[in-house]
Each structure stands twice: as structure tokens, then as C-alpha cells.
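Sequence positions, counted from 1, serve as the residue numbers for this chain. In listed order, ligands and their atoms are each counted from 1.
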Amino acid sequence: MNAHPAVLPRLAQLGGKEPEFHQLDIRDRAAIGGVLEAGFDAVIHFAGRKAVGESMSDPLGYWDTNVVGTMVLLAEMRRTGVRTLVFSSSATVYGNDAVAPFDESLPTAPINPYGETKLAVERMLEALARAEPEWRISSLRYFNPVGAHPSGDIGEDPNGIPDNLMPYITQVAVGRRDRLRVFGDDYDTPDGTGVRDYIHVVDLALGHMAALEYLAHNSGYRVHNLGTGRGYSVLEVITAFEKASGRPVPYDVTARREGDAAQAWADTQRAEAELAWRAERDIDAMCRDAWNWQRRNPNGFGNEP
Ligand code: WQD
């Protein structure tokens, strides 16, 4: 489990009630089924491994957790009569050759095991909904989630050295890391650095609520992008973060990271039309809330410095 136990009391404080928590392995059919037998209206499925680099060195582990785990979940949902599912998918399924903005009808071509497992699950879900029309399933393709709850009580706390840009920046700003490496400034982008569609994690959460509402009125299978429709370069994010935090983010430009695309951002028309949802928080809010979390929790949820 990547989450830290300290999250639970903070969620209780923020939500005003104790969350019911069961620590179990999604591949444990008896455990999953035992929980589902309590009776649920829907499942929002976040349980998976999500580090691109790690998936390259442990493809079997990724297929086991992300794909076999989902098969176990679906079997137990069917057995216990729960047939509404929101699945945490990823824009990584579009691959590196797609031309931004990405819309949901684009061909998919993931280039790493992480993205391949996300696509495999999407295909499994689509086939299931076609075979059993009583299912109501939404796959949400996340672009780049960043930021934190505005309270600063919960936020992103990667284990070890952050793979992703924003947590690395916040750890430099708070003094846990010396300098940021900017992976290449020779891409075909306005300033040469990679462009991504960063989306505030609170907007992402609201997108899940909108998907549940959509499924209350629509059966079958549907994919929706969750992005802002606006791309920012690495250097633009650095500038926005320094402005929001008042802290310098020293960096060195290094070689490109293997597997990185130049540009990726979402076409958001389908989510706006069908989910009646649109991301509301801009890059300044993303940086402000990411910094507020890190400033208040320099070592995350109690991780070693
Ligand atoms: C963003 C940009 C890097 C780190 C991730 C994964 C996965 C997915 C979100 C859900 C790129 C540059 C990064 C650093 C840098 N989540 N960068 N220095 O590459 O879009 O991939 O997207 O599916 O977590 O697929 O996000 O944050 O790693 O990189 O220069 O130390 O920042 O080159 O241009 P990415 P990222």
C-alpha cells in the first residue's frame, strides 16, 4: 500500500466522519468479496500501481496487480450485485505519437507496461459492459494530477525519490532536495521543455463525482478525459511555482528522460458535455496548494527526511 496510515485521521477530520477502512490485497478474492457483501451502490477503483519507470522493471507485477486485481474485483462485484464502476485510467494509454489535444476517439498506443495495463483494463471493462448491459462503467483518463487539498492536511507524498515533476519541485522548495533536473529542453515546444496538462487533484475528485452522477442515468461503458485542456511546459510550471511559493527552484537541464513525449494535453469537450464537469482551478492554485501541503508537512506523512 502506498498511502500512509496517518491519512485516515486527517480524512476523518476533514470529512467529519471516520472513514471505514479495510487494508487488503485487491487480488484476495475472499477479502474483496467479504467487504462487498456489506452492499454498495458503486465502486470507484483506484487500486493499482502507477509508476511508469517501475512498470518497466516489474511488468509482471504491474499486470498482476492492475489487471488480475481488477478481474478479481469485477468477479466479486458481479457476485455481490454491484454493477456500477468508475475506473482510474490514464492519458498514458494515448502513447507518444498522438497529436495534442487528445480526444477519446484517438487510437491508443501505450509505450510502457503501466499504460498497457490501463488499456487492458479499459478493454476488459468495455467487453464486460457489452456482454452484460446492466453494467454502468466509466473509465476516467487522468492527465497529470497535481496539487493538494487546500487545507494542506493531505497531499502527495511519494515513497522515495519522486518520479513526477510537481512533488520533486515541492521537495526542492522545502529543502529536501538540492536541485531539479529538467529532462531536456530540446523538444519541439515553445520553450523546448515538455508540455503537460496538469489538473488540480480537487478538480479530479469532482470529476469522479460527476462520473458517478452520469452513471446514475447511463448504463454501458464510456471513456472520459479528465484534464484542463491547457498545457504548461516544465519551465512555466517552475515559474508559476516560484511565484506561488516565494521559494526558488534551482534546476539544471539534463538529457531527455527515456519514454517522455514532447506534448500532451486533453480535449475536454466530451467530459464537459456528458459529465457537465470542467476543471476550475488554474496552475497558480495547483502550485499554491501543492506548496501549502509541502510547507506544512516537510517530510510528508512522517516519512524519513
Ligand atoms: C511531467 C514533465 C518530464 C520530473 C506521468 C506518468 C503517471 C501519470 C501522470 C497517471 C515531463 C518533466 C519530470 C523531473 C522533469 N499518472 N520532468 N524533471 O511524464 O507526464 O507521466 O503522468 O496516470 O504518473 O505517466 O509526468 O510529472 O513525470 O513529468 O523535467 O524530475 O516534467 O520530462 O515533461 P509524465 P511527470
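For residues 57-91, the ring pair (Phe, Tyr, Trp, His ring centres under 6.0 Å) pairs, not counting sequence neighbours, are His45-Phe87.
For atom 34 (O) of ligand 1, the nearest non-hydrogen atom of the protein is Gly194 CA, 3.6 Å. Protein heavy atom nearest atom 27 (O) of ligand 1, with residue, atom name and distance: Leu165 N, 2.8 Å. Given atom 10 (C) of ligand 1, the protein heavy atom at minimum distance is Tyr114 OH, 3.2 Å. The protein heavy-atom contact nearest to atom 26 (O) of ligand 1 is Asn144 ND2, 3.0 Å. For atom 18 (N) of ligand 1, the closest non-hydrogen atom on the protein side is Arg181 O, 2.8 Å.
Using a 4.0 Å cut-off between heavy atoms, Asp163 contacts ligand 1 through its backbone alone, with no side-chain atom that close. Residue contacts with ligand 1, taken as heavy atom pairs separated by less than 4.0 Å, involve Asn164 via backbone and side-chain atoms alike. No part of Lys118 comes within 4.0 Å of ligand 1, judged by heavy-atom distances. With a 4.0 Å cut-off on non-hydrogen atoms, Val234 touches ligand 1 through its side chain and not its backbone.
Ring geometry, Phe143 versus Phe102: the interplanar angle falls from 30° to 60°, so the pair is classed tilted. Note: Phe301 and Trp293 have tilted aromatic rings, judged against thresholds of 30 and 60 degrees for the angle between ring planes.
The hydrophobic clustering, which links ILVMFWY residues whose side-chain heavy atoms are closer than 4.5 Å, places Val223 and Leu119 apart.
Under the 4.0 Å criterion applied to side-chain N and carboxylate O atoms, Glu122 and Arg141 are assigned as salt-bridge partners. Contact check on Asp252 versus Arg179 returns a salt bridge, with a Lys/Arg side-chain nitrogen under 4.0 Å from an Asp/Glu carboxylate oxygen. Note on Arg281 versus Asp289: no salt bridge recorded, every NZ/NE/NH1/NH2 to OD/OE distance being 4.0 Å or above.
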Derivation of the salt bridge (Lys or Arg N to Asp or Glu O under 4.0 Å) call for Glu76 and Arg79: CA-CA 5 Å; Glu76 287 305 299; Arg79 183 180 68 80; 2.7 Å; yes
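Each of the atoms 30 (O) of ligand 1 lies under 4.0 Å from some heavy atom of Val182. Counting the atoms of ligand 1 from 1 in the order shown, those under 4.0 Å from a heavy atom of Val52 are 6 (C), 25 (O). Per-residue contacts place Lys50 under 4.0 angstrom from the following atoms of ligand 1 (heavy atoms of the residue considered): 24 (O). Ligand 1 places these atoms under 4.0 Å from at least one heavy atom of Thr92: 23 (O), 25 (O). Residue contact check: Ser90 has heavy atoms under 4.0 Å from atoms 10 (C), 23 (O) of ligand 1. Listed by atom number, the atoms of ligand 1 under 4.0 Å from Arg257 heavy atoms are 3 (C), 19 (O), 28 (O), 29 (O), 36 (P).
When the heavy atoms of Tyr198, Tyr187, Phe183 are ranked by distance to atom 2 (C) of ligand 1, first place goes to Tyr198.
Residue Asp260 has at least one nitrogen or oxygen atom sitting less than 3.5 Å from a nitrogen or oxygen atom of ligand 1, judged on distance alone.
The cationic atom of Arg181 (NZ for Lys, CZ for Arg) does not lie both less than 6.0 Å from the six-membered ring centre of Phe183 and within 45° of the ring axis.
Among His200, His208, His224, the one residue that satisfies the ring-ring contact (aromatic ring centres under 6.0 Å, His included) test with Tyr142 is His208.
Scanning for side-chain contact (heavy atoms from CB on, under 4.5 Å) contacts around Asp64 gives Arg27, Val68, with sequence neighbours left out.
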